[in-house]
Structures are given as structure tokens and as C-alpha cells.
Amino acid sequence: MKLSVVMPVYNERNTLPAVIGRVFSVPLDIELLCVDDGSSDGSREILSEWSKHPNVRVLLQPYNMGKGAALRRGIREATGDFVVIQDADLEYDPQDYPTLLDPLIRGKADVVYGSRFLGSGPHRVLYFWHSVGNSILTLVSNCLTNINLSDMETCYKAFRREVIQSIPIEEDRFGFEPEITVKVAKRSLRIYEVGISYWGRTYEEGKKIGWKDGVRALWCLLKYSVKEPMTAGEGALETVPIVEQHPSSSSRG
């Protein structure tokens, strides 16, 4: 079993070496696709060194095109059996990969969301209004798609490769999360959630997403709910997501 990890990178020199090291500390056959989105802080130089690693592929965007554009390119280049999205900061822990992949490997799921709100482990306590905004976006998403996710905006999403490569990604920036959620739901794919750990960072530590991205996410939910047709997903067995909780998984707030 081969895993493709797609990592968009934009000005993350402070965390990039550590997160790449953590990815390869996971005992899996991993192909890491790092898509640099026009970094100007030295991230490209770090990636140039890592490109010598036999399991690292570095893809360079000509300028800052956005997270969605970087993911679109990385997903297109993936060759593994499964694909996981990984941010280049240290908020998400690659040690959760086995938990994410378990429903896929067992043939029970087509898509797995790593929820920061499930599980029983410790998590960093941060911004109240971010939590409120996340809850509102997830609630709107669930109302529009008729699925019962607990964390639509999570970075950690895992897919069967043929599934994610069959879904056209149109959003160039942070609209990827709501877009892909609506499109997955419209295809009646089998969706699981598992609890993950989460080590959120502050704006001083490099957090980039803001309130404008929340407004855009709401617009994307409405847009794709109207625009995207309902189709039958390949191999879909359930149309309502099944929430699976692992006692050993960490939680998020």
C-alpha cells in the first residue's frame, strides 16, 4: 500500500523541515509531493535540499496561486493508492495517518475526514470565534449536503486516489475545503470521520486563514450546492457518513 501525501507550501521555512521529518517518521510507504506556492522566505531552498530524497517530489508554482491551486497540481501528480492532504505547519500530526487510512484500507470508505472535535486526547486551546465560525460553516455544510460531519474545515482529508483524481477542483485558494465537501457529498461517496490530534498556532506563529476566508467558504458552500449535480459515487454503499471514533485518537477544539 502506497500513500501520497500532498503538501502545499507557502512561506513555511520555520516548520517545513520538522513537518517533512514527521511525515517520514510514519512507518508507511510514502510519496511526499511538496507544492511550493511562490514562497519567498527560503522555503524553496529547503525544498531543493529535500528534493534529493528518493520519496520527495517538489513541484514549483510560478507565483502565489493559492492553496487550492497547489492541491490541484499535487493531487493530479499523485501515484499512491491513497491521498492525504498535509499542511506544511505543525498543526496536524502525521502520526494520525494510520487512523485516517484504516477505513480506506478496510474498504469501508472512499473518503475519510480527520475531525478535530472527535476523540479524547489533549488539544491546544485557542480562538473562541474561530471555533464558532468553524461550527457555523460545518452546520451550513451539513444542511446543504445532508451529511453529519463534525469538522468540515479540517485539513486532514484522505481519499482513494481514483476518487479524488476524478473530482475537478476549481477553487484556487481556501475554498478547497467547502468545495470538495459538497462534491464528495453530491457523489454519494462513503464518508468516515475519525478523531485526530491538533496543535493550533496563533497568528504570531504564522496562522494565515482569516475572516474573509470564512465568508468565501460560505459562498463556496452555496455555489457548489446549487451548481454541482447529484451523481452516484463509484462503489458507494452508504449515502450518510458514518462517524468512527478511535479511543486512542486525539481530539480537537
Side-chain angles (χ1 to χ4, degrees), residues 1-37 39 43-44 46-61 65-105 109-116 151 153-167 169 174 176-177 180 184 192-199 201 208 249-250 252:
M1 186 276 292
K2 180 179 177 181
L3 174 64
S4 292
V5 177
V6 178
M7 181 190 297
V9 178
Y10 180 62
N11 290 344
E12 296 286 5
R13 69 175 182 178
N14 292 330
T15 57
L16 192 51
V19 74
I20 293 177
R22 291 187 186 184
V23 167
F24 285 114
S25 72
V26 181
L28 295 171
D29 181 10
I30 291 176
E31 165 194 58
L32 177 60
L33 298 102
C34 298
V35 186
D36 185 86
D37 194 30
S39 294
S43 293
R44 288 202 171 197
I46 294 172
L47 289 176
S48 177
E49 289 299 311
W50 274 100
S51 68
K52 301 170 185 176
H53 191 289
N55 292 344
V56 174
R57 298 173 61 193
V58 176
L59 306 171
L60 303 178
Q61 300 285 71
M65 302 172 69
K67 180 179 180 179
L71 288 174
R72 182 165 58 240
R73 184 174 181 189
I75 289 167
R76 184 173 65 241
E77 299 284 341
T79 63
D81 300 290
F82 307 111
V83 175
V84 166
I85 308 302
Q86 173 72 55
D87 280 349
D89 52 34
L90 295 174
E91 292 191 329
Y92 293 83
D93 189 351
Q95 291 299 319
D96 286 320
Y97 290 170
T99 301
L100 282 167
L101 294 173
D102 183 61
L104 295 168
I105 292 171
D110 303 300
V111 181
V112 178
Y113 278 49
S115 173
R116 296 166 289 177
D151 190 7
E153 284 283 348
T154 180
C155 161
Y156 265 1
K157 296 176 173 69
F159 309 85
R160 291 195 293 120
R161 179 178 55 81
E162 60 270 26
V163 166
I164 187 59
Q165 288 183 339
S166 72
I167 300 175
I169 299 168
F174 288 106
F176 169 81
E177 315 296 354
I180 202 65
V184 162
Y192 267 56
E193 277 193 316
V194 296
I196 60 168
S197 59
Y198 181 75
W199 309 93
R201 59 180 179 173
K208 297 180 176 69
S249 298
S250 296
R252 174 62 234 130

Quiz prompt | Stepwise side-chain contact (heavy atoms from CB on, under 4.5 Å) check, Val184 with Val163 | solution = CA-CA 9 Å; Val184 162; Val163 166; 5.7 Å; no
Practice problem: Could you note down all residue pairs passing side chain to side chain donor-acceptor pair (under 3.5 Å) where residues 20-35 supplies at least one of them, sequence neighbours left out? | Solution: Ser4-Glu31, Ser25-Gln95, Glu31-Arg57, Glu31-Thr79
Quiz item: Which pairs with one or both residues in residues 67-91 pass ring pair (Phe, Tyr, Trp, His ring centres under 6.0 Å), sequence neighbours excluded?
Solution: none
Quiz item: What closest approach, in Å, do Val26 and Pro98 show between heavy atoms, and which atom pair accounts for it?
Solution: CG1-CD, 4.4 Å
Practice problem: Quick one: closest heavy-atom pair of Asn55 and His53, and the distance? | Solution: N-ND1, 2.9 Å
Quiz item: How far does CH2 of Trp199 sit from CG of Leu90, to the nearest 0.5 angstrom?
Solution: 11.5 Å
Quiz prompt | ring-ring contact (aromatic ring centres under 6.0 Å, His included) involving Tyr156 - partner list, sequence neighbours excluded | solution = Tyr92, Tyr97
Self-check item: Rounded distance (nearest 0.5 Å) linking atom CD1 of Ile75 with atom CG of Leu33
Solution: 10.0 Å
Practice problem: To the nearest 0.5 angstrom, please state how far the CE atom of Met1 sits from the CG atom of Leu101. | Solution: 5.0 Å
Quiz item: Could you give the distance from CG (Leu100) to CD1 (Ile196), rounded to the nearest 0.5 Å?
Solution: 6.5 Å
Quiz item: Does some side-chain heavy atom of Ile46 sit less than 4.5 Å from a side-chain heavy atom of Glu12?
Solution: no
Self-check item: Residue pair Asp96 / Ser197, side-chain donor-acceptor N/O under 3.5 Å
Solution: yes
Practice problem: Quick one: closest heavy-atom pair of Tyr113 and Asp151, and the distance? | Solution: CD2-O, 3.9 Å
Quiz item: Closest heavy-atom contact between Val9 and Ala88?
Solution: CG2-CB, 4.0 Å
Quiz item: Can you tell me how far the CG atom of Asp110 sits from the CG atom of Leu104, to the nearest 0.5 Å?
Solution: 8.0 Å
Exercise. Let me see the working for Asp37 and Lys67 under side-chain contact (heavy atoms from CB on, under 4.5 Å), right down to the final yes or no.
Key: CA-CA 8 Å; Asp37 194 30; Lys67 180 179 180 179; 6.0 Å; no
Quiz prompt | Non-hydrogen atoms of Val23 and Met7 that approach each other most closely | solution = CG2-CE, 4.1 Å
Quiz item: For Leu32, does its backbone N or O pair with a side-chain atom of Gln86 as donor and acceptor, under 3.5 Å?
Solution: no
Quiz item: Of all heavy-atom pairs between Leu16 and Ser43, which one has the smallest distance, and what is that distance?
Solution: CD2-O, 3.8 Å
Quiz item: Under the 3.5 angstrom rule, does the side chain of Thr154 hit a backbone N or O of Gly114 as a donor-acceptor pair?
Solution: yes
Quiz item: Nearest 0.5 Å, what's the CG-NZ distance between Leu71 and Lys157?
Solution: 9.5 Å
